[in-house]
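Please read the structure below before turning to the comments.
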Amino acid sequence: MKTYLNKTIKTIVTALFIMPLLASCTGDGKVLSIGEPEFVSGFPRTIQLKAVEGFNCDDMGIRKVKVIDSLLIIEKTNNTWALYSLDGRKKYGECLRVGNGPGEFTHYLPDINWCYFFKDNDSLFVYAADTFKGLILEFNISDFLAGNNRNPYPLMETNLIIGAMPAIVYGEEKIFAYQYDNSCTNTKRMLYDGDSLRQMSVTKGIDEITISRQADMNILSRITYYNAAADKFMEAMVFLNQINIISGDGTEGKTICVGKRLDDISKIEKKDFFEFKNCYVTASAWDEGFGAAYSGATEFERQTLQSNDIQIQFFDWEGNPKCLVELPYRISSFDIDFVSNIMYVIDSQNDKLIAYDATEIVKCLKS
């Protein structure tokens with residue numbers, strides 16, 4: 001009887017000790033899910049990449065890459081765009097810049113993927129936002145290639161996008177903007193169309209979720225791209241293991257998660273920044289679907305170069321998994337040329353642009 005009593009006491013003491021630990025590890029269920037999340041347990045295919053022979057681009061200080069028409073547009077760390085042929089061998093020049101002059105951006109160039117590219121009368125144009133001045137600038141890329149126009153000019157001005165982080169131009173007088181509240185503890189997804197600004201209806205629920213401290217706003221960081229053919233946005237969260245897919249008018253959306261459960265913001269808030277897990281580090285979007293590059297390394301591992309592996313996950317616009325590829329190095333950007341079936345990847349560790357045969361990736365996205 002005494003032995004049984006001692007065992008019972010030990011069990012109770014152990015339980016009392018463990019319970020506070022378990023409580024400290026649980027969160028409040030504060031997640032950014034649009035409706036019930038859809039969980040992805042795996043991908044149909046893992047594709048082995050093969051580099052394309054003969055590709056050469058030896059530019060330095062490269063940050064982003066985008067395939068537009070017959071061009072490679074490379075965003076550089078010196079805040080300019082470099083225009084190249086698709087084989088990387090011919091450089092047409094550098095355009096756009098930061099400065100105080102006419103047609104110059106105030107502090108930084110917007111991400112290439114926050115800009116709207118289109119053709120008009122066989123000329124290639126781009127619209128880009130300067131959220132410090134509240135301007136949308138238009139630049140004729142074809143004129144630049146012909147040696148004529150060197151500077152963009154203001155297309156429209158609106159105070160509604162001043163301070164937006166970021167403002168994504170996705171059509172003529174169409175802007176998707178993230179706006180912080182006055183205390184910088186939450187963000188709202190806003191659509192600008194013509195002269196009006198409205199909040200996306202499908203994201204009002206997650207827009208109300210508040211970060212407890214301004215210093216933790218990084219938790220809400222995301223990589224956002226738009227595709228006109230699908231008329232959808234995709235948001236790959238930087239510190240949360242989820243991707244949001246939202247219709248262009250902001251009325252429909254869903255959340256997908258590669259895993260068994262969504263990350264709980266209230267649990268992440270209890271951590272030091274260097275313990276934050278880097279989830280999605282970059283993304284790209286096309287008519288056929290989108291790709292998001294997943295890391296999984298903590299911020300400490302990222303900054304101390306202890307973890308470099310990247311997994312690019314490919315989905316269709318319904319959020320169905322199509323395929324994935326694995327890379328043994330860090331990347332800062334990637335894009336696919338669906339005409340030549342080539343994927344361009346920036347190896348950020350070695351400041352190098354690499355071209356891969358993307359035939360199997362394209363087949364998966366088109367199937």
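All figures in this text were calculated on a predicted structure; none of them were measured in a lab.
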*Decide ring-ring contact (aromatic ring centres under 6.0 Å, His included) for Phe314 and Phe43; before the verdict, give the C-alpha distance in whole Å, the side-chain angles of both, and the deciding distance to 0.1 Å.*
CA-CA 9 Å; Phe314 295 92; Phe43 289 79; 8.7 Å; no
*Are the side chain of Thr187 and the backbone N or O of Tyr178 linked by a donor-acceptor pair below 3.5 Å?*
no
_Do the side chains of Lys188 and Asp181 get close enough for a salt bridge, i.e. N-O under 4.0 angstrom?_
no
*Phe118 and Tyr127: aromatic ring centres closer than 6.0 Å?*
yes
*Aromatic rings Tyr294 and Tyr280: how do their planes relate, parallel, tilted or perpendicular, breaks at 30° and 60°?*
perpendicular
*Counting distance only, does the side-chain N/O of Asp143 pair as donor-acceptor with the main-chain N or O of Asn148 below 3.5 Å?*
no
_I need the minimum non-hydrogen distance between Tyr356 and Leu327, along with the two atoms involved._
OH-CD2, 4.0 Å
*Would one find more than 12 heavy atoms of other residues, nucleotides or ligands at under 6.0 Å from atom CD of Gln303?*
yes
*Distance, nearest 0.5 Å, that separates CD1 of Ile219 from CD of Glu269*: 5.0 Å
*asked:* Walk me through whether Asp309 and Gln311 qualify under side chain to side chain donor-acceptor pair (under 3.5 Å).
replied: CA-CA 7 Å; Asp309 294 350; Gln311 183 184 85; over 6 Å; no
*So, the side chain of Ser284 versus the backbone of Phe334: is there a donor-acceptor pair under 3.5 Å, distance only?*
yes
*For Ser123 and Ile141, indicate whether the former's side chain and the latter's backbone hold a donor-acceptor pair under 3.5 Å.*
no
*asked:* Are there over 12 heavy-atom neighbours, none belonging to Gln306, within less than 6.0 Å of that residue's CD?
replied: yes
*Only pairs at least two apart or in different chains count here, so list each salt bridge (Lys or Arg N to Asp or Glu O under 4.0 Å) that has a residue in residues 95-108.*
none
_Assigning hydrophobic clusters by single linkage (Ile, Leu, Val, Met, Phe, Trp, Tyr; side-chain heavy-atom cutoff under 4.5 Å), is Ile47 placed with Ile310?_
yes
_Any side-chain to backbone donor/acceptor pair from Asn241 onto Asp263? Under 3.5 Å, distance only._
yes
*Hey, is the main chain of Ile206 close enough, under 3.5 Å, to the side chain of Thr203 for a donor-acceptor pair?*
no
_Arg189 NZ/CZ over Phe233 ring centroid, <6.0 Å and within 45° of normal_ = no
*asked:* I need the minimum non-hydrogen distance between Val65 and Tyr344, along with the two atoms involved.
replied: CG1-O, 4.0 Å
_Minimum heavy-atom distance between Lys204 and Met200, given as atom pair plus value_ = CG-O, 3.4 Å
Show me the donor-acceptor pairs, under 3.5 Å and distance only, between side chains in residues 315-323 and residues at least two apart or in other chains.
unit_1, atom_1, unit_2, atom_2, d
Asp316, OD1, Glu318, N, 2.9
Asp316, OD1, Gly319, N, 3.1
Asp316, OD1, Asn320, N, 2.9
Asp316, OD1, Asn320, ND2, 3.4
Asp316, OD2, Asn320, ND2, 3.0
Trp317, NE1, Trp286, O, 2.8
Glu318, OE2, Lys232, NZ, 3.1
Lys322, NZ, Ser367, O, 2.9

_Nearest atoms (heavy-atom pairs only) where Tyr108 meets Val98_ = CA-CG2, 3.6 Å
*Short question: side chain of Ser247, backbone of Glu252 - any donor-acceptor pair under 3.5 Å?*
yes
_OH-CD1 distance between Tyr92 and Ile73, expressed to the nearest 0.5 angstrom_ = 11.5 Å
*Could you point out which residue of Asp264, Ile265, Leu262 forms a side chain to side chain contact (heavy atoms under 4.5 Å, CB included) with Leu240?*
Ile265
*Backbone N or O of Phe338 within a donor-acceptor pair of the Ser340 side chain at under 3.5 Å?*
no
*If you take all heavy atoms of Asn186 and Ile209, which pair is closest and at what distance?*
CB-O, 3.3 Å
*Do you see a donor-acceptor pair shorter than 3.5 Å between the side chains of Asp287 and Asn227?*
yes
_To check you understand the geometry: which heavy-atom pair defines the closest contact between Asp207 and Gln199, and what is its length?_
OD2-NE2, 3.0 Å
*Please collect all salt bridge (Lys or Arg N to Asp or Glu O under 4.0 Å) contacts where either partner lies in residues 41-57, sequence neighbours excluded, each pair once.*
Arg45-Glu360
_Starting from Phe55, can I reach Ile62 by hopping between I/L/V/M/F/W/Y residues whose side chains sit under 4.5 Å apart?_
yes
_A quick test of your reading: do over 12 heavy atoms of other residues, nucleotides or ligands sit less than 6.0 Å from CZ of Phe300?_
no
*Given Lys254, which of Glu235, Glu36, Glu38 fulfils the salt bridge (charged side-chain N to carboxylate O under 4.0 Å, His left out) condition?*
Glu38
_Output field: ring centroids Tyr116/Tyr226 closer than 6.0 Å_ = no
*Counting only heavy atoms not in Asn100, do more than 12 fall under 6.0 Å of its CG?*
no
*Would you check if the side chain of Thr282 reaches a backbone N or O of Ser332 as a donor-acceptor pair within less than 3.5 Å?*
yes
Please tabulate, for side-chain N and O atoms in residues 152-167, each donor-acceptor pair with protein atoms closer than 3.5 Å (sequence neighbours left out).
unit_1, atom_1, unit_2, atom_2, d
Tyr153, OH, Glu138, OE2, 2.7
Thr158, OG1, Leu160, N, 3.1

*Sequence neighbours excluded, every pair satisfying salt bridge (Lys or Arg N to Asp or Glu O under 4.0 Å) that has a member inside residues 54-64*: Asp59-Lys76, Asp59-Lys91, Arg63-Glu75, Lys64-Asp111
_Let me confirm one number: the CD1-CD1 distance from Ile256 to Ile34, rounded to the nearest 0.5 Å._
11.0 Å
*Could you please spell out the steps behind the ring-ring contact (aromatic ring centres under 6.0 Å, His included) verdict for Tyr225 and Phe290?*
CA-CA 9 Å; Tyr225 295 146; Phe290 61 88; 9.8 Å; no
_For residues 331-354, which residue pairs pass the salt bridge (Lys or Arg N to Asp or Glu O under 4.0 Å) check, not counting sequence neighbours?_
none
_Val169 and Cys115, any side-chain heavy atoms less than 4.5 Å apart_ = no
